[in-house]
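Note that this is a predicted model, so its numbers are computed, not measured. Chain letters run A, B, ... following the sequence lines, proteins first and then strands; every chain starts at 1.
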Amino acid sequence: MPLTICTWNINSVRLREALVARLLTEEAPDILCLQECKSPVEKIPSFEGLGYGHIIARGQKGYNGVAILSRQPLEEVAAHDHAGLGHARHVAARHPSGVTVHNYYVPAGGDVADREVNEKFGQKLDYLTDMRDLFSAQKPERAVLVGDLNIAPLEDDVWSHKQLLKVVSHTPIEVAHLEDVRQAGNWVDVTRDHLPEGKLYSWWSYRARDWSAADKGRRLDHVWASPDLPTVPGSSRILRDARGWEKPSDHAPVFASFDV
DNA sequence: ATGACGGTACATTACCGA
């Protein structure tokens with residue numbers, strides 16, 4: 001059975017309830033992982049009427065927030081507060097297929113890529129170090145890790161590798177920390193496994209006059225899987241169209257399917 | 001090319017995002 005998972009930084013789930021409904025209706029993933037819900041859990045809109053009656057979430061007022069929506073029941077298995085920030089940035093749930101889904105919203109890290117002058121950058125690196133330690137201690141099996149990891153690791157994950165080398169999200173130290181997380185869990189970058197060639201973006205700034213024409217994007221949103229979980233070859237895609245929907249999120253949904 | 005945008009809240013400006 002194919003299990004299709006989608007991850008999307010929605011930038012306020014209440015403001016964009018209609019966009020979530022459109023995605024669920026048009027694309028019908030089995031599981032939708034949202035980040036930046038910016039809502040307490042009890043105020044997240046219900047999508048039960050569209051067939052998504054199961055939700056596992058962590059929320060807080062105004063910032064952060066992660067939710068996993070599913071057509072089938074979910075069992076919450078973890079909600080980590082890496083680096084002790086007190087933020088709603090992770091939740092994990094098990095699907096009846098036996099697949100564990102980790103939904104992450106990694107800290108953005110502020111403006112300056114130097115932890116000595118920018119506390120947020122240090123928190124981002126510490127958050128990634130704690131993720132690494134978790135997956136070193138517990139090697140994931142039949143698991144997927146998705147979310148807004150706020151790092152574009154590869155040269156073709158940004159519009160200009162050279163111009164972004166010192167920009168938070170693409171600095172070598174962040175890329176090294178993310179790679180440490182990936183290696184600690186033996187995670188496979190499913191998107192790049194399926195789409196190894198060429199530029200690939202999932203985020204475009206609101207500030208560009210014409211985001212699509214400028215196309216100065218970054219691949220910040222990721223789908224990883226443990227090596228024992230077979231994927232449906234070629235099933236990875238980024239729904240760039242959704243960045244052009246009315247009142248869009250600045251992130252596009254990322255999809256992959258698994259053979260469960 | 002640190003931005004011309006856009007979200008939320010102890011709101012009409014401050015803070016955050018990346």
Does A:Val167 reach a base, just sugar-phosphate, or nothing at all? Heavy atoms under 4.0 Å.
base
A:Trp187 and A:Phe135 aromatic centres sub-6.0 Å
yes
Distance below 4.0 Å between A:His251 side-chain N/O and B:dA18 OP1 or OP2:
yes
When you measure from the side chain of A:Lys38, which nucleotide among B:dG17, B:dT8, B:dT2 comes out closest?
B:dT8
In terms of the angle between their ring planes, are A:Tyr104 and A:His102 parallel, tilted or perpendicular, with boundaries placed at 30° and 60°?
parallel
Using a 4.0 Å heavy-atom cut-off, does A:Asp210 contact any base of the nucleic acid, only the sugar-phosphate backbone, or nothing at all?
nothing
Which nucleotide wins on minimum distance to the side chain of A:Asn150, given the candidates B:dG7, B:dA18, B:dC5?
B:dA18
At less than 4.0 Å, is any side-chain N or O atom of A:Lys247 found next to OP1 or OP2 of B:dG7? Yes or no.
yes
Between atom NE2 in A:His170 and atom P in B:dT2, what is the gap in whole Å?
16 Å
Considering the options A:Val168, A:Val112, A:Asp111, which one meets the side chain to side chain contact (heavy atoms under 4.5 Å, CB included) requirement together with A:Phe121?
A:Val168
Have a look at A:Lys216 and say if it touches a base, only the backbone sugar-phosphate, or nothing, with a 4.0 Å heavy-atom cut-off.
base
If you measure from the C1' atom in B:dC15 to the same atom in B:dC10, how many Å do you get, rounded?
13 Å
Spacing between A:Ile10 atom CD1 and B:dT8 atom C1', to the nearest angstrom
16 Å
Candidates A:Asp189, A:Leu149, A:Leu195, A:Ile151 - the one meeting side chain to side chain contact (heavy atoms under 4.5 Å, CB included) with A:Arg219:
A:Asp189
Apply the side-chain hydrogen bond (donor to acceptor under 3.5 Å, both in side chains) test between A:Asn11 and each candidate in A:His251, A:Lys38, A:Lys247; give the one that qualifies.
A:Lys38
Find which nucleotide of DNA chain B each of A:Val112 and A:Arg89 is nearest to by heavy atoms, and output the residue with the more 5' nucleotide.
A:Val112
Under a 3.5 Å cutoff, is there a donor and acceptor pairing between the side chains of A:His90 and A:His82?
no
Measure the distance from CG on A:Asn118 to C1' on B:dT2 and round it to the nearest whole Å.
13 Å
Rounded off to whole Å, could you give me the CG-to-P distance for the A:Leu178 and B:dA18 pair?
15 Å
Have a look at A:Tyr105 and say if it touches a base, only the backbone sugar-phosphate, or nothing, with a 4.0 Å heavy-atom cut-off.
sugar-phosphate
Of A:Asp250 and A:Pro40, the one whose closest DNA chain B nucleotide lies more 5'
A:Pro40
For atom NZ of A:Lys43 and atom P of B:dA9, their distance in whole Å
8 Å
Does a salt bridge link A:Glu27 with A:Arg237, judged by any charged N lying under 4.0 Å from a carboxylate O?
yes
Check: B:dG17 base within 3.5 Å donor-acceptor of A:Arg207 side chain
yes
Distance check, C1' atoms only: B:dG7 and B:dT12, in whole angstrom units.
16 Å
Between the protein and nucleotides 10-15 of chain B, list the N/O to N/O atom pairs that are separated by less than 3.5 angstrom.
from   : atom 1 : to      : atom 2 : distance (Å)
B:dC10 : OP2    : A:Lys61 : NZ     : 3.4

From CD1 of A:Ile44 over to C1' of B:dT8, roughly how many Å is that when rounded to an integer?
15 Å
Taking atom P in both B:dG6 and B:dA11, what distance in whole Å separates the two?
23 Å
May I ask you to verify if any side-chain N or O of A:Ser205 is less than 4.0 angstrom from the OP1 or OP2 atom of B:dG17?
no
Separation of B:dA18 C1' from A:Glu174 CD (nearest whole Å):
9 Å
What distance, rounded to whole Å, do you find between the two C1' atoms, one in B:dC16 and one in B:dT2?
14 Å
Let's see if you can work this out: which of B:dA9, B:dG7, B:dA18 has an atom nearest to the side-chain heavy atoms of A:Arg16?
B:dG7
Can you see whether A:Asn64 engages A:Glu36 through a side-chain donor-acceptor pair at a distance of less than 3.5 angstrom?
no
Can you pull the salt bridge (charged side-chain N to carboxylate O under 4.0 Å, His left out) pairs that have at least one residue in residues 67-78 of chain A, sequence neighbours excluded?
A:Arg58-A:Glu76, A:Glu75-A:Arg94
Would you kindly give the CD1-to-C1' distance between A:Ile151 and B:dG17, to the nearest whole Å?
15 Å
